[in-house]
Asker: 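The structure is given below, and queries will be raised subsequently.
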Number of protein chains: 2
Amino acid sequence: MLCSARARLPGPLDRHHGTGHMTAEVELKDSGAASPPLTERQEARRRRILHASAQLASKGGFDAVQMREVAESSSVALGTLYRYFPSKVHLLVATMQDQLQHMHTTLRKRPPAGDDAAERVSETLMRAFRALQREPHLADAMVRALTFADRSVSPEVDTVSRLTTAIILDAMGLDAEPTPQQLSAVRVIEHTWHSALITWLSGRASIAQVKIDIETVCKLIDLTSPGAAPGHPGT
Amino acid sequence: MLCSARARLPGPLDRHHGTGHMTAEVELKDSGAASPPLTERQEARRRRILHASAQLASKGGFDAVQMREVAESSSVALGTLYRYFPSKVHLLVATMQDQLQHMHTTLRKRPPAGDDAAERVSETLMRAFRALQREPHLADAMVRALTFADRSVSPEVDTVSRLTTAIILDAMGLDAEPTPQQLSAVRVIEHTWHSALITWLSGRASIAQVKIDIETVCKLIDLTSPGAAPGHPGT
DNA sequence: ATCAAGTCTGAAACTTGTTCTAGGTTAGCG
DNA sequence: CGCTAACCTAGAACAAGTTTCAGACTTGAT
């Protein structure tokens, strides 16, 4: 990455001024995300790009996702690629968002069956972890992009973060709205999740260690659940 | 970063074959690190480089640390810079190691004075956090480099990790050797620490939120300390 | 003093992310 | 049908990390 994140000219993903006429190509289904009303062909291009990105990432990780190659693989001009995704990090974060959505729907179909919330969350994360182990290079590309992202990618990273939070909250199976303490615990779990993945991906931690750490951090859920001993055990 | 981390030719930081003659320049004090027996002038160069790196990083963060500039600021040829630090990430991780060592000695002088281990650790981390807030750009450069580092930087990142672990263990003030559970808790705290810093640096979390999360994760220390309720509170 | 080995320098070259430009294309609209 | 705005393409150009190379320098050994 060079200087990353300048102000960008309006692209197909920008809102219109509402003056009446819209994008040149015919506008269709704005189902899903609210911001980008995309054309059929634009949607197709976007998908091709994300597919190429994931493909290349699966092969060789972060470094293997080269913008020129992504452009060529998805039959799109380099300039167009940059119109859709203003930087490599944007692209990879979007790729991650895509994959996360898959995972979320998959997980909803077969929810974890642990006895308490902590178990269910750690089971869920371990399931996700196993999925990532099947495509370690892809995981590398996505996670590195995610943690390397600077302020210009904040909105996208935030979306990913919300998705992850949703997955964890789902697994917790709460009866009521989460308390602030629970939300903090979830954030901590997310932190641990990302950082543990990094250490695993860079070969500094074993799979077993990641498992242990996930289980360790998940204990925070019991600790912060309403009804658990408040404050320190010694108090 | 481009392709990062090729096999590198022998540099001043490499061990010798023990054949008898050593580095060209006079060899002096190998106090400190065991691996690199550096000359006086080499040590001076190394320091100049690290200083320039920190200087530039303080000014504009990760992007502002440009290898050509570092080389010029430290009056060293670009090739030499690369001989000392095989990549920008190596350089920044080494910079972090340097800063951490300062912090460690500083902390040893005025150890935290909390009642229990969890308090002391979170106080220590918050102190470090405040130090980082004084140089947010430097923090940005170091932390981004740390989490972006790939396998080729593992040894260096590991050193930083060990330093951080040492700081936390120091703050805990253990009577005995840490148990495996405690070590896992410390790793989780470290994960949270890095990842929370990232979210703060990229503007996605407030200082207050980082504080809360650190305090939250530090509760794990009580939970895993010998004598605390083992397993889940509900069991 | 000379030699060999390892270092340092300066500069050019190469790679890949990112930006820019000129021209061709598409689609709504009068 | 022809206009216009927005889009897309091909390709050059630029920026910064990384590599390479020839030559000068340093030092210990002969």
Side-chain angles (χ1 to χ4, degrees), chain A residues 1-14 16-17 19-28 37-42 44-45 49 56 62-72 74-92 145 148 152, chain B residues 1-14 16-17 19-28 37-42 44-46 48-49 56 62-72 74-92 145 148 152:
Chain A
M1 172 204 284
L2 301 194
C3 37
S4 91
R6 294 294 157 63
R8 303 222 91 258
L9 53 162
L13 301 143
D14 286 319
H16 305 281
H17 329 93
T19 53
H21 73 287
M22 356 217 70
T23 333
E25 308 189 12
V26 187
E27 186 157 319
L28 291 181
L38 290 188
T39 293
E40 238 181 24
R41 301 207 290 176
Q42 289 180 323
R45 278 193 203 100
I49 293 173
L56 288 169
F62 188 90
D63 291 343
V65 181
Q66 304 195 352
M67 298 305 269
R68 284 173 240 261
E69 288 221 16
V70 172
E72 188 170 1
S74 46
S75 306
V76 140
L78 190 55
T80 306
L81 172 53
Y82 273 95
R83 187 189 284 277
Y84 280 75
F85 302 97
S87 80
K88 174 170 173 172
V89 169
H90 281 86
L91 170 59
L92 285 172
F148 189 58
S152 70
Chain B
M1 173 204 283
L2 302 194
C3 35
S4 92
R6 295 292 157 65
R8 304 221 90 258
L9 53 163
L13 301 143
D14 285 320
H16 305 280
H17 327 94
T19 52
H21 72 286
M22 359 216 68
T23 334
E25 308 189 10
V26 186
E27 185 158 323
L28 291 181
L38 290 188
T39 292
E40 237 180 24
R41 300 206 289 173
Q42 289 179 324
R45 276 191 204 103
R46 201 186 129 88
R48 260 182 290 142
I49 293 173
L56 288 169
F62 188 90
D63 291 342
V65 180
Q66 303 195 352
M67 299 305 269
R68 284 174 240 259
E69 289 221 17
V70 172
E72 189 170 0
S74 47
S75 307
V76 141
L78 191 55
T80 306
L81 172 52
Y82 274 96
R83 187 189 284 277
Y84 279 75
F85 302 97
S87 80
K88 174 170 172 171
V89 169
H90 281 85
L91 170 58
L92 285 172
F148 189 58
S152 69

Asker: Determine the contact category for Val65(A): base if any of its heavy atoms lies under 4.0 Å from a base atom, sugar-phosphate if only primed atoms, P, OP1 or OP2 are that close, otherwise nothing.
Answerer: sugar-phosphate
Asker: Hey, what do you get for CZ (Arg83(A)) to CD1 (Ile49(A)), rounding to the nearest 0.5 Å?
Answerer: 11.5 Å
Asker: From the set dT18(C), dC8(C), dC8(D), return the single nucleotide nearest to any side-chain atom of Arg45(B).
Answerer: dC8(C)
Asker: Using whole Å, report how far CZ of Phe148(B) lies from P of dG17(C).
Answerer: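 One finds 10 Å between P of dG17(C) and CZ of Phe148(B), rounded.
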Asker: OP1 or OP2 of dT26(C) sitting under 4.0 Å from any side-chain N/O of Gln42(A)?
Answerer: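 Negative; the distance criterion is not met.
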Asker: Nearest whole Å is fine: how far is dC8(C) P from Phe85(B) CZ?
Answerer: 12 Å
Asker: Between atom CD in Glu69(A) and atom C1' in dT15(C), what is the gap in whole Å?
Answerer: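 Nearest whole value for this atom pair: 12 Å.
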Asker: Report the nucleotide, chosen from dC8(D), dA12(D), dT27(D), that has the shortest atom-to-atom distance to any side-chain atom of Arg41(B).
Answerer: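 From the listed options, dT27(D) comes nearest.
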Asker: Do the ring planes of Phe148(A) and Phe148(B) sit parallel (below 30°), tilted (30 to 60°) or perpendicular (above 60°)?
Answerer: parallel
Asker: Compare every heavy atom of Leu91(A) with every heavy atom of Met67(A), then report the nearest pair and how far apart it is.
Answerer: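 Closest approach of Met67(A) to Leu91(A): SD-CD2, 4.1 Å.
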Asker: What's the CG-P distance between Leu78(B) and dT9(C), to the nearest Å?
Answerer: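 Atom-to-atom, Leu78(B) to dT9(C), this comes out as 11 Å.
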Asker: Rounded to the Å, how far apart are Phe62(B) CZ and dG17(D) P?
Answerer: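 After rounding, the gap between these two atoms is 8 Å.
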Asker: How many whole angstroms separate atom OH of Tyr82(A) from atom P of dC8(D)?
Answerer: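 Between P of dC8(D) and OH of Tyr82(A): 16 Å.
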Asker: Taking only the side-chain heavy atoms of Ala77(B) (C-beta and beyond), determine which of dT18(D), dT18(C), dT9(C) contains the nearest atom.
Answerer: dT9(C)
Asker: Output the rounded distance in Å from CG (Leu92(A)) to P (dT16(C)).
Answerer: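 That distance rounds to 16 Å.
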Asker: Rounded to the nearest 0.5 Å, what separates atom CD in Gln42(A) from atom OG1 in Thr80(A)?
Answerer: 10.0 Å
Asker: Hey, could you give me the CZ/CZ distance between Arg45(B) and Arg41(B), rounded to the nearest 0.5 Å?
Answerer: 5.5 Å
Asker: Quick one: which of dT18(C), dA12(C), dG17(D) gets closest to the side chain of Gln66(B)?
Answerer: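 Nearest listed nucleotide: dG17(D).
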Asker: Reading DNA chain D from 5' onward, which residue's closest nucleotide shows up sooner: Arg68(B) or Thr80(A)?
Answerer: Thr80(A)
Asker: Closest to the Met67(B) side chain: dT9(D), dG17(C), dT18(D)?
Answerer: dT18(D)
Asker: Starting at CZ of Arg83(B) and ending at C1' of dC21(D), how long is that distance when rounded to a whole Å?
Answerer: 13 Å
